[in-house]
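In each ligand, atom 1 is the first atom listed, and ligand 1 is the first ligand listed.
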Amino acid sequence: SPEDDPFDFLFKIILIGDSNVGKTCVVQRFQSGAFSDKHQNTIGVDFSVRSLNIDGKKVKVQVWDTAGQERFRTITQSYYRSAHGAIIAYDLTRRQTFESVPHWIHEVESLPFLFSLPPVPCLLFCNKSDLAENRQILFEEACTLAEKFGLLAVLETSAKESRNIDEVFLLMAKELIARN
Ligand code: GDP
Ligand code: MG
């Protein structure tokens, strides 16, 4: 199967952020190119794998999605173990999900202490850009926050309209390759 093919890099990337920001839809869109509007709770910790070709290298990207545990802000530690990178999401129509971003950054920053790892790169994305008429956070404000916390970048995505989805994972994968 394609899963058994040789690869040059394998990266575990964790997806975090408040519930209902669209994390599961984004990972589904990334993996299968589809958007499902049916409300779906992630059952158990789940991951998807997709192979990317980056500058002639085969890169397997394993994206971990939460089990909806983020609702209680108690994500199991095994979720974070051996993560190479973290992607944090908020919803541009709900200010509260942006206010939570420092909490999620803090979780990622505590990883090295839990697992004696080097710090992991963190990327921020703002989902539901198709609903920009209901925007509660300016892009500039997100950039200021990203700069303050040393995040790689901020991207605005729409899982619904398939905007900037692959870019999020490509950017992270390229950064991880550069660090290896
Ligand atoms: P999660 O809890 O962060 O995993 O969020 P879900 O992926 O379950 O999505 C939560 C809700 O947001 C669902 O009703 C989705 O249909 C909706 N949703 C997700 N992504 C988008 C998007 O890009 N645009 C719009 N308009 N709705 C979205
Ligand atoms: Mg989910």
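Listed by atom number, the atoms of ligand 1 under 4.0 Å from Ser19 heavy atoms are 2 (O). If you number the atoms of ligand 1 from 1 as listed, the ones under 4.0 Å from a heavy atom of Asn127 come out as 19 (C), 20 (N), 21 (C), 22 (C), 23 (O). Near Cys25, with a cut-off below 4.0 Å to any heavy atom, the atoms of ligand 1 are 7 (O), 9 (O), 15 (C), 19 (C), 20 (N). Atom numbering of ligand 1 starts at 1 in the shown order; those under 4.0 Å from a heavy atom of Lys23 are 1 (P), 2 (O), 3 (O), 4 (O), 5 (O), 7 (O). Of all atoms in ligand 1, numbered sequentially from 1 with element shown, those under 4.0 Å from a heavy atom of Ala159 are 20 (N), 22 (C), 23 (O).
Heavy atoms from both the backbone and the side chain of Val21 come within less than 4.0 Å of ligand 1. Contact annotation for Thr24 and ligand 1: heavy atoms of both the backbone and the side chain come within less than 4.0 Å of the ligand.
Taking only nitrogen or oxygen atoms, main chain and side chain alike, Lys160 reaches within less than 3.5 Å of ligand 1. Some N or O of Asn20 is nearer than 3.5 Å to an N or O of ligand 1, by distance alone.
Paired with Asp91 under the rule side-chain hydrogen bond (donor to acceptor under 3.5 Å, both in side chains), one option of Gln96, Lys128, Lys23 passes, and it is Lys128.
When the heavy-atom distances from atom 22 (C) of ligand 1 to Val27, Asp130, Ile165, Asp65 are ranked, the shortest goes to Asp130. If you check each of Glu161, Lys128, Gln28 against atom 12 (O) of ligand 1, the one with the closest non-hydrogen atom is Lys128.
Under a 3.5 Å cut-off, the side chain of Arg95 and the backbone N or O of Ile137 do not form any donor-acceptor pair. Between the side chain of His84 and the backbone N or O of Ile13, no donor-acceptor pair lies under 3.5 Å. Between the Asn127 side chain and the Ala89 main chain, no donor and acceptor come within less than 3.5 Å of each other.
Under 2.8 Å from the Mg ion (ligand 2) lies no N/O/S atom of Asn20, from backbone or side chain alike.
Scanning all heavy atoms of the two residues, the minimum distance from Thr97 to Tyr90 falls at O-CB, 3.4 Å.
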Legend entry - CA sep, side-chain torsions, deciding dist, call: Ser158, Asp130, side chain to side chain donor-acceptor pair (under 3.5 Å): CA-CA 6 Å; Ser158 169; Asp130 55 290; 2.8 Å; yes
Inset, instruction - Go through the steps for Asp18 and Trp104 under the test side-chain contact (heavy atoms from CB on, under 4.5 Å), then give the verdict. - result: CA-CA 9 Å; Asp18 282 4; Trp104 297 113; 3.0 Å; yes
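By the criterion of side-chain heavy atoms lying less than 4.5 angstrom apart, applied directly or through intervening Ile, Leu, Val, Met, Phe, Trp or Tyr residues, Leu171 is grouped together with Val59 in one hydrophobic cluster.
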